[in-house]
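Whatever order the structure lists ligands and atoms in, that order sets their numbers, starting from 1.
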Amino acid sequence: MTAYTDLQHEIEAEIKAAADLSALDAVRVSALGKTGRISGLLKTLGSLPPEERKSTGAAINAVRDAVTTVLEARKAELEAAHLAQRLEKERVDLSLPAARRPRGGVHPTMQVMDEIVAIFAEMGFAVAEGPDIEDDFHNFTALNFPEKHPAREMHDTFFFNPDENGVRKLLRTHTSPVQIRTMVAGKPPFRLIAPGRVFRCDSDQTHTPMFHQVEGLVIDKGAHMGQLKWVLETFISRFFETDSVTTQFRPHHFPFTEPSAEMDVRCSWEKGELKVGTGESWLEILGCGMVHPNVLKACGIDPDEYQGFAWGMGVDRLAMLKYGVPDLRDMFAADTRWLAHYGFSGFVAPNPASGLS
Ligand code: DAH
């Protein structure tokens, strides 16, 4: 009996001396583990005469229970101490300034795209879309670009390698092919805009290989150039948030319109800041015209029954003008500092009622 009591005291002393949880666990293993001291004693029971076995077994179990109780108490004590230490050490100083999180934002191009859609949606225009990868028919032929016409080269087209039939797909150079796709798929009248990405092999301060356009198309029996002018002037007035809009139409050439024009808006540049409405300068905004009869024919529409007007404008350029971005290439440099400066909140969608920007 004395031998067990000594062992019990010895182990209890070790438990008390254990300074941390891992030291305590080492004591537990050395006492109660498979080859531990108390487990070793239990193994000797088998060699005892049966009459001694019961009382000796009970005595060893009592030691085991006593040690287990002390062990658990010490464990709880050490865990509490460990927690207290962590709470002390890991205290958060709420008076410190919070770490700055990288800030996302709506890109000015997308903001302007949404503004344009909001303005035209209010005027009753539908939004149409087409693929970025186009074929020659939709991007050129159906839009009345003659075969081998230099305008095809002027568009600095990105062509894909020819497929097994020798057909070269291309990245659309403008959003005008969406006109073709919509007219082929539906029945007139049409009143739509088509926003999207376009691609040209060109890069400098005012050109990037990828940029954005919005196409507009109205086809109806009596659609005429006066309506085109009203639609575009109304758009400009809403977009630049000014009532005084003066425009001029300069004759131009596009294969898909006849007559064709470029539209300029009267403006001034004061200290580098653009003001639309008054002034001595003219700002070129878009290309437009009356849809060429050949384009209507290519889409299965009778030009003697229907006519219409169309326009195309550069979205990134409008964003630069409205929000004062100096270099187009920065728009696509994927620089979060730039976006933090020029970006818009994702929680305020532009709409004509509560304001566009
Ligand atoms: N597609 C022309 C371009 O990218 C822009 C354009 C001009 C579109 C006149 C039109 C239009 O629909 O009528 O330069």
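Side chains of D264 and T247: a donor-acceptor N/O pair is absent below 3.5 angstrom, by distance only. For the residue pair D135/H138, the side-chain donor-acceptor check at 3.5 Å is satisfied.
The environment of E51 atom CD is dense: over 12 non-hydrogen atoms of other residues, nucleotides or ligands sit within 6.0 angstrom.
Side-chain contact between L170 and E134 is present, with heavy atoms from C-beta onward closer than 4.5 Å. Side chains of Y342 and H107 form no contact here, defined as non-hydrogen atoms less than 4.5 Å apart.
Of the possible polar contacts, one joining the S39 side chain to the L32 backbone as a donor-acceptor pair under 3.5 Å is found.
Residues with a heavy atom under 4.0 Å from ligand 1: H174, S176, Q179, R200, Q213, E215, F254, F256, T257, G287, C288, G289, A310, W311, G312.
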